[in-house]
Amino acid sequence: MSGYRTLHRINPEPQSKDPLFHVQFSPCRPAQNDASLRLLTTGASNKINIYSLRERKDTGENSLDATPLIVGCNECLVPSDFDIGTPSKCALGYGSLDVARNYCGADTLAGQEVVVASQLGGRVGVWIRLDRGKKDPDLAPSINTQDEMTYITPDVEFEVPSATGTTLAIRPPILANYYSKHEKDIIVAFGSADGSVILCRSGISAAKPGESATSSGVVGDSSSNTDDLTIKVKSGSTPGEVVATVGGGHSCVLSLVWHPTIPNMFAVGRKDGTIDIYSSTSSHDKDLSFRRMHRLTDASAPIRGLTFSQPSGALLFVGDDSGKLYSYDASVMSTSFNEHYDATKAAMCPIKLVAFALTAHKGWIMNLISFPDEKRVCSCGSDRSVKVWDCGTGLSSSMPVHSFDSVHSGWVWDVACGSVVGDSTRDVANSKKKLTLVSCGNDGVMQVFSCGD
């Protein structure tokens, strides 16, 4: 029996059918000792819905519902001017979304959940989710409840006028040990139409080396019995302050990804088919400065899918509008950094094309996501399919490990990979169980899949 199967179909708003552009699993738990998954999705409705995916325990012979999952949604992140009773007039809603765990220690379950989303035109919202019972007097988001749904406005809001609003990425807080001691903010990178990448301060304090797990990584619960425990979250800097502008004067930025283990290194996919890799040349200085280390020119169509393999970043996967899927070997970079702890030197190491699939999709590749076992990568496309690929022989033979065909009635915009529903450890890299895959599309629905070996 195949380890790949469709588990559940989620239709958030059947009447509106607003397209869903992004879906992402949270690295934090929904509640203390809760093994369910926390899933965020956004689209044209101008709000971010938060779901919990739980394993159904009552699927025996007396159960009337054989669905293996229980899906709930009672929390929604919205802009500060959101009117619950008025339909959104925003043309695109939140066109980009990223979620990170604000922690840089060894505890896989510690840290605050940081959500950043941008609308078309560069209006950015930042939400910080803390444990219940732990508070920050500077954080006072507006919270409204209607029909059992809680609407939460941003803790921080700012604008990046030159950003397209369709591409952003949070610099990994887990690498804070290697960032400048002068930098105290979570940094967010935004793509722009003129080809530049704009790095901005969020106004939210980044976790620092040596800090204890003051927040347990639980959203909506607390591991502490102290009701008056206060966590200082705001950094005191100006939200949206630009700290660096990188790579202007080139083709429009369509995709953007930070390296998971090498600090201050990121890759950019452009409309003209080029991929640029940048690295900081001043990791210990007050002001960040970057230079381009590599330019990859094997593709000739726009690059919308771009991801490093997880967790080491040894491979870089690229998907273009012609349906081609490329794999680049970046392992020398990762090895160099692990040996010398010099990000600039590591970024200078060679990166080479090792495999590609000529007909991965019959249309645009909209996005890519690496599996945490570093053996597989998943692609989604305008041909309404979601495909899982072996990182070794699969690409060169153009034969996916598994293909979920016609899973949506329109384009499949995004796909996300999470840990096993029911696995409270979140140790996805070493888990022998099946992983959970979720796709979203133009039809406004999400499909949940189970992916085995």
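Values reported hereafter were calculated over all heavy atoms of this structure, with side chains retained and with hydrogens, waters and symmetry mates removed.
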Is any side-chain heavy atom of [Y] closer than 4.5 Å to one of [X]?
X	Y	value
P372	L435	yes
I186	V114	yes
C378	V386	yes
P239	V126	no
L296	L316	yes
F21	D414	no
D81	R123	yes
I303	R270	no

Under a 4.0 Å threshold between the charged nitrogen and the carboxylate oxygen, would [Y] count as salt-bridged to [X]?
X	Y	answer
E75	R129	yes
R376	D390	no
D329	K352	no
E113	R101	no
E241	R201	yes

Any idea how F82 and Y151 line up, ring-wise: parallel (<30°), tilted (30 to 60°), or perpendicular (>60°)? parallel
Please find the pair of heavy atoms, one from R304 and one from I365, that lie closest to each other, and give the distance. CB-O, 3.5 Å
Taking the cut-offs as 6.0 angstrom to the six-membered ring centre and 45 degrees off its axis, would you call R171 and Y179 a cation-pi pair? yes
Do R384's NZ or CZ and the ring of W411 fall within the cation-pi criteria of under 6.0 Å and 45°? no
State whether a side-chain donor-acceptor pair under 3.5 Å links [X] with [Y].
X	Y	result
H361	S382	no
S439	H408	yes
Q310	S370	no
N442	W413	yes
D185	S237	yes
S334	S312	no

Less than 6.0 angstrom separating the ring centers of Y328 and F356, yes or no? no
Validation row, ring centre F404 to ring centre F449 under 6.0 Å: yes
Test your reading of the model: is there a side-chain donor-acceptor pair from [X] to the backbone of [Y], 3.5 Å cut-off?
X	Y	answer
W127	I152	yes
T297	T274	no
T166	G95	no
T42	I48	no
H259	G313	yes
N102	G111	no
S205	K234	yes
N338	Y341	no
S379	G319	no
R292	G247	no

As an exercise, state the distance from [atom1] of [X] to [atom2] of [Y], rounded to the nearest 0.5 Å.
X	Y	atom1	atom2	answer
D18	N46	CG	CG	10.0 Å
C73	I10	SG	CD1	9.0 Å
S322	K362	OG	NZ	14.5 Å

Should Y278 and F290 be marked as a ring pair (Phe, Tyr, Trp, His ring centres under 6.0 Å) after you check the CA-CA gap, both sets of side-chain angles, and the distance that decides it? CA-CA 6 Å; Y278 296 92; F290 289 78; 7.6 Å; no
Given L199 and V242, is the side chain to side chain contact (heavy atoms under 4.5 Å, CB included) satisfied, shown in steps? CA-CA 6 Å; L199 273 61; V242 177; over 6 Å; no
Under the ring pair (Phe, Tyr, Trp, His ring centres under 6.0 Å) criterion, do Y51 and F25 qualify, and how do the steps go? CA-CA 9 Å; Y51 296 85; F25 284 103; over 10 Å; no
